[in-house]
Colleague: 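Could you have a look at this structure, given as structure tokens, before my questions?
Not measured: the values here are computed from a predicted model. Naming: A, B, ... by sequence-line order, numbering from 1 per chain. As a basis for the values below, the full set of heavy atoms in this structure was taken, side chains included, without hydrogen atoms, waters or symmetry mates.
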Amino acid sequence: MLEGINMIGDLEWEVPIGYVPDMRVPGRFFLSRALAETLEEGAVRQLANVATLPGIVKHSLAMPDIHWGYGFPIGGVAAFDMTEGVISPGGVGFDINCGVRLIATPLTEADLAGKKRELIERLFSAVPTGVGAKSALRVSNKDLTAVMVDGARWAVERGFGTGADLVRCEAEGAMPGADPDAVSAKARQRGVPQIGTLGAGNHFLEVQVAREIVDPEAAKVFGIAEGQVCFMVHCGSRGLGHQVATDHLRTLESALAGYRIHLPDRQLACAPIDSPEGRAYYGGMVCAANYAWANRQVIMHEAKKVFAELFGIDYDAMRLIYDVAHNVAKFERHDVDGASTEVCVHRKGATRAFGPGAPGIPREYAGVGQPVIIPGSMGTSSFLLHGTTTAMQKTWGSTCHGAGRVLSRSKAKKEVRGKELREHLAGEGILVRAHSDSALAEEAPEVYKPSREVVRVVHEAGLSNIVVRLEPLGVIKG
DNA sequence: ATGTGC
């Protein structure tokens, strides 16, 4: 499996130029020997294929949750020169700005005693879940334009949360450069009824407890203590983001020949960053990213209302720690050969992990680096980490995003019984609420790489450091 | 991930 790949450090591997034809730079990925057993050759080939794209800078990178994706591997990170380089939907993913936010409540596990079932049921009622889930919100087409431009701020201005939430979101909950004209009528149509809905697949809203404080000083800065009940929202841009990706992939595929870009894989469809097609994709992608931030903002607000009502606690006593994007392309300044240079960083199933003092992270967290939130798979621990200087130097300020699938959905359904899984988790005190047991089987912990091991690798490689381990108490899913 | 698959 690792034939033709060189180990260049305890946890660092290099895919040399020549692994596939026309590579411009080497590939690099971070992986332990234990995880190397699950490494797919196809994912390594995808990593190498990315290295053939015009204008790629330094390396084609992948995090330890690397697995086979559309064009780019999931867990992939790649930066492109602003003049020579390209932008590619395959480097972002279909679920644009799929991401996670973590909220600390003033409750302890003991406060939940006897009320956990009711909490999960109420959350399930308050937050629409599942494929095609519809929102209770009435949103006009004009409102949708504002959502796509203003992101989380749109939600706050309509009473879903408070202004303080915004500074605790990556990009403050809205990237600049939204181009509503780059979002098709079909994408709009799919987006209008879905603001404030969770979706399906590995998306979830989970009630957790901060079980283990690994870095007490950073935990204090992030405002989280041992035994504290938290909740985590994992979702993205729903049908709108999917449609934006689909629409622009088609346009970019047909524009390829005009730019004389030759690809080893059509799924790498792309265009120069500063071309009509490249700019249009970027503008549409930003709209979807901002939609996702508004979506998570509304969901958090509804969940906070449930906690406030059920436990008689103050709405404002629940505090957003941070919100991170897992699937997005951004223009950022990084060190390239000793000079601060703007590049287009694609993160596809990867989390920004800016270190202490880096621009663009909340002032209150500047001393420790940005919070990095890594969700576990169902029934397993999630982690709060902080970004590092090493990540700035090695991975464009990036780290992993979670576990990575090892069994396909169809195989999972054959090998796992959803009902047994639900009962097993209940036995461990983890309540699961979903529309069907069959949907649960696809998300069973055993169909994913162990997130603990993935997180251990990024911690030991210095790409981000563990602050808190969180254990699930209950979860709602699609 | 996705009004789930050409």
Colleague: At under 4.0 Å between heavy atoms, what does A/Glu442 touch on the DNA or RNA strands: base, sugar-phosphate, or nothing?
Modeller: nothing

Colleague: Ring centroid separation for A/Phe354 and A/His386, is it under 6.0 angstrom?
Modeller: no

Colleague: Whole Å only: how far is the CZ atom of A/Arg266 from the P atom of B/dC6?
Modeller: 16 Å

Colleague: Rounded to whole Å, please give me the gap between NZ in A/Lys477 and P in B/dT2.
Modeller: 11 Å

Colleague: Figure out the NZ/P separation between A/Lys413 and B/dG5, and round it to whole Å.
Modeller: 12 Å

Colleague: Measure the distance from CD on A/Glu443 to P on B/dT4 and round it to the nearest whole Å.
Modeller: 17 Å

Colleague: Between B/dT2 and A/Arg238, is there an OP1 or OP2 to side-chain N/O distance shorter than 4.0 Å?
Modeller: yes

Colleague: Nearest whole Å is fine: how far is B/dG5 P from A/His242 NE2?
Modeller: 8 Å

Colleague: When you check the side-chain N and O atoms of A/His401 and A/Asp65, is any donor under 3.5 Å from an acceptor?
Modeller: yes

Colleague: Quick check, are the ring centers of A/Phe222 and A/Tyr322 under 6.0 angstrom apart?
Modeller: no

Colleague: Quick check with a 6.0 Å cut-off and a 45 degree axis cone: is A/Arg433 positioned over the face of A/Phe124's six-membered ring?
Modeller: yes

Colleague: Hey, does A/Lys134 reach any base, or is it just sugar-phosphate, or nothing, if we go heavy atoms under 4.0 Å?
Modeller: nothing

Colleague: Hey, does the Lys NZ or Arg CZ of A/Lys58 hover above the aromatic six-ring of A/Trp396, less than 6.0 Å from the centre and inside 45° of the axis?
Modeller: yes

Colleague: Could you state the CD-C1' distance from A/Gln194 to B/dT2, rounded to the nearest angstrom?
Modeller: 9 Å

Colleague: Rounded to the nearest angstrom, tell me the gap between atom OH in A/Tyr70 and atom C1' in B/dT2.
Modeller: 14 Å

Colleague: Applying a 4.0 Å non-hydrogen cut-off, can you work out what A/Ala200 is touching in the nucleic acid: base, sugar-phosphate, or nothing?
Modeller: sugar-phosphate

Colleague: Have a look at A/Gln189 and say if it touches a base, only the backbone sugar-phosphate, or nothing, with a 4.0 Å heavy-atom cut-off.
Modeller: nothing

Colleague: Between A/His435 (NE2) and B/dT2 (P), how many Å, whole number?
Modeller: 12 Å

Colleague: At under 4.0 Å between heavy atoms, what does A/Gly201 touch on the DNA or RNA strands: base, sugar-phosphate, or nothing?
Modeller: sugar-phosphate

